[in-house]
Colleague: 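There's a structure below that I have some questions on.
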Amino acid sequence: MSTNDNKNLSSTERIKMASDGLRGTLKQSLHDELTGALREDDQALVKFHGMYQQDDRDRREERSAKKLEWLYSYMLRLRLPGGFINSEQWIGMHNIAGEHATGVIKITTRQTIQLHGILKSHVKPTIQAFNTIHLDSISACGDVNRNVICAAHPKFSPLHEEIFAYAGKISQLGLPKTKAYYEIWLDEKPLHDTKEKEEVEKDPLYQDRYLPRKFKVAIAIPPNNDVDVFANDLGLIAIVENNKLIGFNIAAGGGLGATHGNAQTYPRLASMLGFVRGEENTLKAVLEVITIQRDYGNRSDRKLSRLKYTIDKMGVEAFKAELEKRCGFKLEEPKPYTFTRRHDDYGWHKNHEGKWYYTVFVENGRVLDDEKIALKTALLEVAKTGKANFRFTCNQNVIVSDIAQKDKKVVEKILQDFGVIAHTDNAGAVRKSAIACVAFNTCPLALAEAQRYMPTLITKIEPILAKHGLENDEISMRMTGCPNGCGRPYAAEIGFVGTAYGRYNLHLGGDREGFRLNKKYKENIDEPAILKELDELFEKYSKNKQAGETFGDFAVREKLVTI
């Protein structure tokens with residue numbers, strides 16, 4: 001049933017509905033050796049299988065001049081609820097990245113990893129190799145529930161494992177029922193009997209049209225908001241009383257994507273709906289928020305199809321009433337909670353069980369060996385000991401985790417010998433809290449650089465911070481190559497949003513805990529202008545800030561931007 005009036009369906013909607021359970025002509029596309037690309041309709045469908053078709057934008061001009069096809073390849077993203085893998089899986093991932101991709105293991109802001117540069121002939125072997133270590137990419141992209149994220153650091157709560165388990169449960173709840181992934185990539189026998197196929201693949205949640213757009217769920221464990229819970233379509237905030245998890249505050253309608261020059265699009269933080277008690281009711285509420293978006297979301301204009309627009313069109317109270325009607329119970333008033341931080345705690349920490357954790361600084365989430373540090377080799381050596389697990393964070397770092405007291409020295413020596421500890425200790429405060437999206441050279445939406453440029457820009461910003469005595473101030477800076485918000489730039493104290501190559505909008509005024517979005521301060525400025533602006537701003541901040549005041553709060557109090 002469709003309760004919205006979208007009669008003019010977008011082309012993507014038609015492709016999904018005619019796809020035979022997301023199969024399309026993917027098998028035929030894969031066997032076409034005359035091109036590195038997939039057929040046009042299959043490019044939309046392959047996202048549901050966890051990958052995007054991309055090309056090397058650094059080489060577009062050269063290849064076009066030679067009348068060659070663009071250098072197409074694929075980005076594959078794993079489904080890792082809560083961002084956890086064991087040492088055996090890390091070793092497998094390391095080898096797969098070297099054999100089939102560029103070799104770089106990219107940690108994303110959604111607590112998983114993605115590999116870039118996989119040629120079409122390598123896609124199937126890559127997925128099959130991941131399958132042997134019990135990892136998959138189902139629903140990591142596409143108009144479905146994406147990778148479910150959860151607070152990464154177990155030291156913050158003795159209830160971490162109980163809360164963390166919700167990420168897996170919600171991920172399972174939101175998996176499509178189609179067997180297309182298993183047939184196409186893992187060579188499972190297709191279901192030819194129509195009746196059997198209809199029964200096995202009956203999908204009450206997604207039906208044959210899936211969602212109008214991607215759907216993101218985050219689980220926060222106060223006092224840490226490392227997941228940026230309000231930036232998600234659905235945010236769950238764990239409420240703990242007397243050392244017992246009693247339920248979750250539920251917020252809905254977050255999303256940071258926008259389009260330059262289109263005032264109908266905008267970043268938005270989630271609205272608090274209420275409190276839900278117990279596992280059964282929590283999972284029911286999550287499911288029904290998704291069904292409301294399925295039924296009411298905009299299916300004619302993909303730029304206006306995220307849940308945030310659905311909620312703004314319906315109104316928060318009407319949305320909540322519809323949710324309560326579908327759930328069959330009322331939401332309670334939100335319970336009090338406190339967020340005090342969003343960044344990762346680097347270095348060694350011990351949890352309530354006596355296990356040790358080392359949070360490694362990974363600049364912009366790129367795990368590789370370069371002239372500065374052999375980080376990729378170091379983490380492989382740790383994995384080979386079999387004495388640690390790995391937890392990805394939403395700030396693009398990795399926690400070497402769950403280390404027994406007796407094994408700590410072995411792991412510590414590897415981290416020490418490879419310079420990982422020195423690399424983490426010596427990185428500046430702003431660099432450690434920075435986030436950048438992939439952008440060039442692979443993202444087709446990028447207008448400007450991000451992950452390749454952000455480290456250079458920070459190197460130029462650091463002397464300015466030092467000049468004003470701010471080198472230890474953990475000001476959050478985030479950069480994206482376009483306005484779509486993958487690096488969460490609108491939820492930073494300072495956001496850089498790409499407008500053209502070498503140019504960015506400068507945003508100011510976000511807070512450190514994730515309760516407030518920033519606003520545009522300067523438009524379309526280049527590097528010299530960025531550095532000049534920041535020099536003047538940091539001078540004002542250092543001279544006029546109040547005790548304990550953050551840069552974002554200062555920008556708002558001084559009315560540098562109007563929030």
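The residues of the chain are indexed from 1 along the displayed sequence. Please read these numbers as outputs of a predicted model, since none were measured by experiment.
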Colleague: Which value, rounded to the nearest 0.5 Å, describes the distance between Leu115 atom CG and Arg77 atom CZ?
Modeller: 11.5 Å
Colleague: Is any side-chain heavy atom of Ile105 closer than 4.5 Å to a side-chain heavy atom of Met93?
Modeller: yes
Colleague: Might you point out which heavy atoms bring Pro176 and Ser139 nearest each other, and give the distance in Å?
Modeller: CD-OG, 2.9 Å
Colleague: Could you check, using the six-membered ring where one of them is a Trp, whether Phe361 and His423 have ring centers closer than 6.0 angstrom?
Modeller: yes
Colleague: Does either side chain, that of Arg299 or that of Ser10, offer a donor lying less than 3.5 Å from an acceptor on the other one?
Modeller: no
Colleague: What's the spacing between Glu513 CD and Asn224 CG if we round to 0.5 Å?
Modeller: 11.0 Å
Colleague: Could you check whether Phe392 and Phe84 have their ring centres less than 6.0 Å apart?
Modeller: no
Colleague: So if I apply the salt bridge (charged side-chain N to carboxylate O under 4.0 Å, His left out) rule between Glu363 and each of Lys432, Lys106, Arg452, Arg431, which one comes out positive?
Modeller: Arg431
Colleague: Roughly how far, to the nearest 0.5 Å, is NZ of Lys313 from CG of Leu307?
Modeller: 13.0 Å
Colleague: So do the side chains of Gln89 and Asn86 get within less than 4.5 Å of each other, counting heavy atoms only?
Modeller: yes
Colleague: Please name all residues satisfying side-chain hydrogen bond (donor to acceptor under 3.5 Å, both in side chains) with Asp526, sequence neighbours left out, ordered by chain then number.
Modeller: none
Colleague: Under a 4.0 Å threshold between the charged nitrogen and the carboxylate oxygen, would Glu539 count as salt-bridged to Lys467?
Modeller: no
Colleague: Could you walk me through whether Asn298 and Tyr309 pass the side-chain hydrogen bond (donor to acceptor under 3.5 Å, both in side chains) check?
Modeller: CA-CA 8 Å; Asn298 188 323; Tyr309 301 115; over 6 Å; no
Colleague: Could you tell me whether a side-chain N or O of Ser476 sits under 3.5 Å from a main-chain N or O of Ala492, the two making a donor and an acceptor?
Modeller: no
Colleague: Nearest 0.5 angstrom please: Ile118 CD1 to Gln53 CD, how far?
Modeller: 13.0 Å
Colleague: Considering only heavy atoms from C-beta outward, does the side chain of Ile237 approach that of Pro222 to under 4.5 Å?
Modeller: yes
Colleague: Any donor-acceptor pair under 3.5 Å linking the side-chain atoms of Asp312 with those of Tyr266?
Modeller: yes
Colleague: Please check if the side chain of Thr424 supplies one atom and the backbone of Val420 the other of a donor-acceptor pair under 3.5 Å.
Modeller: yes
Colleague: State, with a plain yes or no, whether a side-chain heavy atom of Val398 is found less than 4.5 Å away from one of Trp90.
Modeller: yes
Colleague: Report the residues that fulfil salt bridge (Lys or Arg N to Asp or Glu O under 4.0 Å) with Arg57, sequence neighbours left out, ordered by chain and then residue number.
Modeller: none
Colleague: Assess whether a salt bridge exists between Lys214 and Asp143, defined as any Lys/Arg side-chain N lying under 4.0 Å from an Asp/Glu carboxylate O.
Modeller: no
Colleague: Going from CD on Gln111 to CG on Asn397, what distance comes out if it is rounded to the nearest 0.5 angstrom?
Modeller: 11.5 Å
Colleague: Relative to Phe164, does Arg391 satisfy both conditions: NZ or CZ under 6.0 angstrom from the six-membered ring centre, and within 45 degrees of the ring's axis?
Modeller: yes
Colleague: Could you tell me whether the side chains of Tyr337 and Asn249 share a donor-acceptor contact shorter than 3.5 Å?
Modeller: no
Colleague: So does Glu13 pair up with Lys16, basic N to acidic O under 4.0 Å?
Modeller: yes
Colleague: Working to the nearest 0.5 Å, report the span between CD of Glu449 and OH of Tyr501.
Modeller: 3.5 Å
Colleague: Could you tell me whether the side chains of Ser401 and Asn389 share a donor-acceptor contact shorter than 3.5 Å?
Modeller: no
Colleague: Centroid-to-centroid, His468 to Tyr541, below 6.0 Å?
Modeller: no
Colleague: So do Gln172 and Leu175 actually touch side chain to side chain, heavy atoms under 4.5 Å?
Modeller: yes
Colleague: I'd like to know if Asp228 and Arg488 make a salt bridge, using a cut-off of under 4.0 Å between side-chain N and carboxylate O.
Modeller: yes
Colleague: Give the C-alpha distance, both sets of side-chain angles, the deciding distance and a yes or no for side-chain hydrogen bond (donor to acceptor under 3.5 Å, both in side chains) between Arg110 and Asn232.
Modeller: CA-CA 10 Å; Arg110 293 207 65 73; Asn232 290 265; 2.9 Å; yes
Colleague: Can you see which heavy atom on Phe319 is nearest to which on Ala252, and at what distance?
Modeller: CE2-CB, 4.4 Å
Colleague: Show the nearest heavy-atom pair for residues Leu78 and Thr112, with the distance to one decimal.
Modeller: O-OG1, 2.7 Å
Colleague: Should Glu523 and Lys520 count as an ion pair when the cut-off is N to O under 4.0 Å?
Modeller: yes
Colleague: Donor-acceptor pairs are to be reported for all side-chain atoms of residues 253-264 against protein atoms at under 3.5 Å, with residues two or more places apart or in another chain.
Modeller:
unit_1, atom_1, unit_2, atom_2, d
His260, NE2, Gly498, O, 2.9
Asn262, OD1, Gln264, N, 3.0

Colleague: Considering only NZ, NE, NH1 and NH2 on the basic side and carboxylate oxygens on the acidic side, decide whether Arg342 and Asp226 come within less than 4.0 Å.
Modeller: no
Colleague: When you check the gap from the basic side-chain N to the acidic O, do Arg516 and Asp553 get nearer than 4.0 Å?
Modeller: yes
Colleague: Using 4.0 Å as the upper bound for N to carboxylate O, is an ion pair formed by Lys308 and Asp233?
Modeller: no
Colleague: So, Asp370 and Arg366, do they make that salt bridge, N to O below 4.0 Å?
Modeller: no
Colleague: On the 0 to 90° scale, with breaks at 30° and 60°, tag the Tyr166-Phe248 ring pair as parallel, tilted or perpendicular.
Modeller: perpendicular
Colleague: Does a side chain donor of either Ser73 or Gln54 reach within less than 3.5 Å of an acceptor in the other side chain?
Modeller: no
Colleague: Strictly below 4.0 Å, N to O, side chains only: are Glu474 and Arg512 in salt-bridge contact?
Modeller: no
Colleague: Charged N to carboxylate O below 4.0 Å: is that the case for Lys540 and Glu558?
Modeller: no
Colleague: Assess, by modelled atom type and distance only, whether the side chains of His116 and Gln114 contain a donor and an acceptor separated by less than 3.5 Å.
Modeller: yes
Colleague: Return yes if a side-chain donor-acceptor contact under 3.5 Å exists between Thr499 and Asn505, otherwise no.
Modeller: no
Colleague: For Phe515 and Phe339, I'd like to know if the aromatic rings sit close, meaning centre-to-centre distance below 6.0 Å.
Modeller: yes
Colleague: Give a yes or no on whether the backbone of Tyr346 and the side-chain of Asp344 come within a donor-acceptor separation of less than 3.5 Å.
Modeller: no
